[in-house]
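Just so we're on the same page: letters track the sequence lines, and every chain starts at 1. Atom set for the values below is all heavy atoms of this structure, side chains included, hydrogens, waters and symmetry mates excluded. Please read these numbers as outputs of a predicted model, since none were measured by experiment.
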Amino acid sequence: MRTRFAPSPTGSLHIGGLRTALFNWLFARHHNGAFILRIEDTDQKRFDPTALDTLMEALRWAGLQWDEGPEVGGAYGPYVQSERVALYQQWAKWLVENDKAYYCYCSSERLQQVNKEKEARKEPPGYDRRCRDLTPEQRAAYEAQGITPVIRFKMPLDGQTVVRDAIRGESVFDNANQQDAVLLKSDGFPTYHLAVVVDDHFMEISHVMRAIEWFPSFPLHVQLWQAFGWEMPVHAHLPVMLNPNGKGKMSKRNPPRDKYGNLIPVMVHDYIRAGYLPEAMTNFLANIGWNFGDEREFFTMDEAIQRFDLARVNPANSAFPVEKLDWLNGEHIRALPTDELARRLRTVLVDAGFAVDDDLLRRVTPLVQMRLKTLNEIISLAGFFFRDEFLPAPPEELIQEKMDAQNTCRALERAYEALSTLDDFSHAAQEAVLRPLTEELGLKPRQLFGALRVAVTGQRVATPLFETNEILGKDVVLKRIKTASQSLVCQP
RNA sequence: GGCCCCAUCGUCUAGCGGUCUAGGAUGUCACCCUUUCAAGGUGAAGACACGGGUUCGAGUCCCGUUGGGGCUACCA
């Protein structure tokens, strides 16, 4: 079994592209086959020299290593279409010689004119096939004018094309509705239609899994395979991922938003930057349009490989379920060994400009592990551990529910006294003196501990108080409590 | 507009003629736990788009309607 992912390098990798790549990869791995990366860079106008690296980086991040393709090579190369142009030209010519295709000399101006007229007559747009049956004399006349022709496919004028998709079965298209598509452009480069058939054939691809957007050109491809007389691989068209509201497919134009109106990313790199785990991302994507087979939705890619099967691919399009991504990311964060999580958090902190003490990070990590939905949340939740300078909260933040400045100040002073007596500053030792203090002061634990948390961390929402204090150390903690109580101007 | 694809809780899905008074997950809400926030536990609300067939029997098969989506380039 051989599958391929064949993106065009026009920018960073689209999240939908990653899903397509993932399904191809899972299928190949399940069957112990090969997963091939092929670069479809036949559109010179949209060429972006940095895109290929970005694309490969995204695939590697997701763990989708390819067995053949750029950088790794393989027996069916080259794997970049711009390096295969001679092959496409050769086979385009073969089609012309065998009366399956023809040279077309029409200018794009004429094509536009034809479409304008068709539109006026309320006819569907399309080429009028003027060059389909040119005499040798007519051709010679055009050639004499120095016009570089394109090569168009001779689509059968009548009859039907039956296509077979592994996910939805057979569909029938009337040939009369089809176009004589351009196969070879006047710049000598192939269009997608020619290149995909030639490459899938010579690269011996056994299963083509691609986006449903290709379905309308499927009859053309089927006719091309037949014209060449080559055996066609199994084709499966994957459903599209729609915006979370179900309106239109995910794209940069038509930016997707979650139910609160927040923009959600479309590009893989934006998810990387946002602190999502590759384990979560692939797990999430595998659950869209495919399912594990039992009721589990949380699984590893090794487990998915064991079970991956085209029969469980759902033909229906789906809205992008963003909330599940956050949930799954949290689950994967919790499933990580603590030192591994620390390693990944380190990158986030360093990127945010913190000087990271690894010993400190190792102690903080267990406190945040069950609280993070994304790695980036470490900054807002526990960034205070790593900041050089302490940023105290405004004094009013110290005052808890049903308390006032006076009793808050008093409580902080009493806590200061209690903690300063401790030689052992472990969280257990702190709790042993602070919990009785709540009763003595007639406060609820949430009131006293809440005030202390704000005093010590500078935030209302933070890591658990005693464990946090233990890491910060007695000196720092006492100093911050004093600062806090002084900010409240207590009455004696 | 034309061609094509699709249709189960808000969302992702299970269901491949009888086991469906439709299962799971997420999200929402409530309660429990609780030092904040999480995590965890318990529970609640929540769907077979509609109309015809076929069949002893339809969420499951067929047709139509409606709705949604995709495509309609010398882009992929």
Problem - A:Arg139 NZ/CZ over A:Tyr105 ring centroid, <6.0 Å and within 45° of normal - result: no

Is the CG atom of A:Asp404 crowded by more than 12 outside heavy atoms at less than 6.0 Å? yes

| query | Phosphate oxygens OP1/OP2 of B:A76: is one of them under 4.0 Å from a side-chain N or O of A:Thr42? | reply | yes

pair_partner(B:C50), Watson-Crick or wobble, both distances < 3.5 Å, evaluates to B:G64

Separation of B:A39 atom C1' from A:Asn329 atom CG, nearest Å, is 15 Å

### Query
Looking across every strand, which nucleic acid part, if any, lies under 4.0 Å from A:Val150 by heavy atom: base, sugar-phosphate, or nothing?
base

Report task. Report yes or no: is there a donor-acceptor pair, N or O only, under 3.5 Å between the side chain of A:Thr191 and the base of B:C74? Result -> no

Considering every strand and a 4.0 Å limit on heavy-atom distances, what is the contact class for A:Gln430: base, sugar-phosphate, or nothing? nothing

Side-chain contact check for A:Val461: nearest option of B:U36, B:C74, B:A76 is B:U36

message = Between A:Arg435 and B:U35, is there a contact of a side-chain N or O with OP1 or OP2 at under 4.0 Å?
response = yes

**Report entry** Pairwise C1' distance, B:C6 and B:C48 [rounded to whole Å]
**Finding:** 16 Å

Quick note, A:Trp327 side chain, CB onward, closest among B:A25, B:U35, B:G40 is B:A25

* How is A:Arg168 classified with respect to the nucleic acid when contacts are heavy atoms under 4.0 Å: base, sugar-phosphate, or nothing? -> sugar-phosphate

Rounded to the nearest 0.5 angstrom, the OG-CG distance for A:Ser82 and A:Asp43 is 12.0 Å

Checking B:G69, B:C4, B:U28 against the side chain of A:Val240 (C-beta onward), the nearest is B:G69

Of the candidates B:C71, B:A76, B:G69, the side chain of A:Lys249 sits closest to B:C71

**Asked** Within the pair A:Arg460 and B:C37, is there a side-chain N or O less than 4.0 Å away from OP1 or OP2?
**Response** no

Out of B:U35, B:C71, B:G1, minimum distance to the side chain of A:Pro125 belongs to B:G1

If pairing means Watson-Crick or G-U wobble with both distances under 3.5 Å, then the partner of B:U55 is none

- Query: Given B:A76, is OP1 or OP2 found less than 4.0 Å from the side-chain N or O atoms of A:Thr10?
  - Reply: no

Across every strand shown, the nucleotide meeting Watson-Crick or G-U wobble geometry with B:G1 (both distances under 3.5 Å) is B:U72

Classify A:Gly248 by what it touches in the nucleic acid, base, sugar-phosphate, or nothing, heavy-atom distance under 4.0 Å. sugar-phosphate

The Watson-Crick or G-U wobble partner of B:C29, with both key distances under 3.5 Å, is B:G43

Here the side-chain hydrogen bond (donor to acceptor under 3.5 Å, both in side chains) pairs for residues 178-189 of chain A, sequence neighbours left out, are A:Tyr102-A:Asp180, A:Arg129-A:Asp180, A:Arg132-A:Asp180

Tabulate protein N/O versus nucleotide N/O from nucleotides 9-16 of chain B, keeping only pairs under 3.5 Å, one per line.
residue	atom	partner	partner atom	Å
B:G10	N2	A:Glu323	OE1	3.3
B:C12	OP1	A:Ala319	N	2.6
B:C12	O2'	A:Asn287	O	3.0
B:C12	O2	A:Lys324	NZ	2.9
B:U13	OP1	A:Gly289	N	2.6
B:A14	OP1	A:Asn291	ND2	2.7
B:A14	O3'	A:Arg312	NH2	3.4
B:G15	OP1	A:Arg312	NH2	3.4

Review point. Is the phosphate of B:U36, meaning OP1 or OP2, less than 4.0 Å from a side-chain N or O of A:Lys444?
Key: no

Between CG of A:Leu194 and P of B:C75 the distance, given in whole Å, is 12 Å

Looking at every strand, decide which applies to A:Thr463 at a 4.0 Å heavy-atom threshold: base, sugar-phosphate, or nothing.
base

Centre of A:Phe23's six-membered ring, under 6.0 Å away, within 45 degrees of the axis: is that where NZ or CZ of A:Arg19 sits?
-> yes

With a 4.0 Å cut-off on heavy atoms, is A:Pro190 in touch with a base, just the backbone sugar-phosphate, or nothing at all? sugar-phosphate

Note to self: Taking the ring centre of each residue, are A:Trp66 and A:Tyr79 less than 6.0 Å apart?
What the structure shows: no

Check: Where the side chain of A:Asn24 meets the backbone of A:Met209, is there a donor-acceptor pair that is under 3.5 Å apart?
Finding: yes

- Give a yes or no on whether a salt bridge exists between A:Glu119 and A:Arg121, defined as a side-chain N under 4.0 angstrom from a carboxylate O. no

Taken to the nearest whole Å, CG/A:Leu341 to P/B:A39 is 15 Å

CG of A:Asn314 to CH2 of A:Trp290, rounded to nearest 0.5 Å, is 13.0 Å

Once you apply a heavy-atom cut-off of 4.0 Å, does A:Gly450 come out as touching a base, just sugar-phosphate, or nothing? nothing

When both distances are under 3.5 Å in a Watson-Crick or G-U wobble arrangement, the nucleotide paired with B:U36 is none

- Task: Would you mind classifying the nucleic acid contact of A:Pro445 as base, sugar-phosphate or nothing, using non-hydrogen atoms under 4.0 angstrom?
- Result: sugar-phosphate

Side-chain atoms of A:Ser171 come closest, of B:G69, B:C75, B:C4, to B:C4

